[in-house]
Amino acid sequence: MARKIKVLSGGGFVTQQVRSETICELREELDIDSNATVAVNGDNVSSSYQLQENDLVAAVQSNKTGGC
């Protein structure tokens, strides 16, 4: 069953239809790096998290740094 979620892309969230039921499946479907931390609705979640319709999903690489 496809569900609609919003995925952080660039500067905002983009609505996508996905078939994944869990974060583990979503990592494969959207090619999210296994080292990335995934947050749903602002909370870090495990790979077994069950996706819900309209979840806000953001993936962040652990090895990224910022600033000058």
Side-chain angles (χ1 to χ4, degrees):
M1 174 178 125
R3 62 185 42 79
K4 222 178 0 177
I5 62 171
K6 295 180 182 178
V7 179
L8 183 62
S9 178
F13 287 90
V14 177
T15 301
Q16 290 190 339
Q17 289 273 74
V18 296
R19 292 181 176 259
S20 301
E21 294 183 11
T22 65
I23 292 298
C24 184
E25 293 172 358
L26 187 68
R27 283 182 185 275
E28 188 172 317
E29 183 175 345
L30 299 183
D31 197 28
I32 298 171
D33 191 281
S34 62
N35 293 323
T37 301
V38 178
V40 177
N41 302 323
D43 295 321
N44 288 348
V45 295
S46 70
S47 292
S48 62
Y49 175 85
Q50 295 286 318
L51 289 165
Q52 304 297 315
E53 189 81 10
N54 296 315
D55 273 346
L56 297 174
V57 179
V60 178
Q61 285 293 104
S62 312
N63 62 353
K64 297 287 181 181
T65 58
C68 297

- Task: Under 4.5 Å between side-chain heavy atoms, chaining through other members, with only Ile, Leu, Val, Met, Phe, Trp and Tyr counted: pull out the rest of the cluster around Tyr49, sorted by chain and number.
- Result: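 Joined to Tyr49, directly or through intermediates: Ile5, Val7, Val18, Ile23, Leu26, Leu30, Ile32, Val38, Val40, Val45, Leu51, Val57.
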- Please name the pair of heavy atoms, one in Ala36 and one in Arg27, separated by the smallest distance, quoted to 0.1 Å.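 Nearest pair, atom of Ala36 first, then Arg27: O-NH2, 2.9 Å.
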- Got Arg3 and Arg19 here, is their nearest side-chain heavy-atom distance under 4.5 Å?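 When only atoms from C-beta onward are counted, Arg19 and Arg3 do not touch, as no gap falls below 4.5 Å.
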Could you work out, with side-chain contact (heavy atoms from CB on, under 4.5 Å) as the rule, every residue matching [X], not counting sequence neighbours?
X: Glu28; value: none
X: Ala58; value: Leu8
X: Ser9; value: Val14
X: Lys4; value: Thr15, Gln17, Glu53, Asn54

- Task: Rounded to the nearest 0.5 Å, what's the gap from CD on Gln50 to OG1 on Thr22? Could you check?
- Result: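 Reported value, rounded in 0.5 Å steps: 6.5 Å.
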Taking side-chain hydrogen bond (donor to acceptor under 3.5 Å, both in side chains) as the test, write out the residues that go with [X], two or more places apart.
X: Ser34; answer: none
X: Asn41; answer: Asp55
X: Glu25; answer: none

- Query: Glu29 side chain to Ser20 main-chain N or O, any donor-acceptor pair under 3.5 Å?
  - Reply: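 Present.
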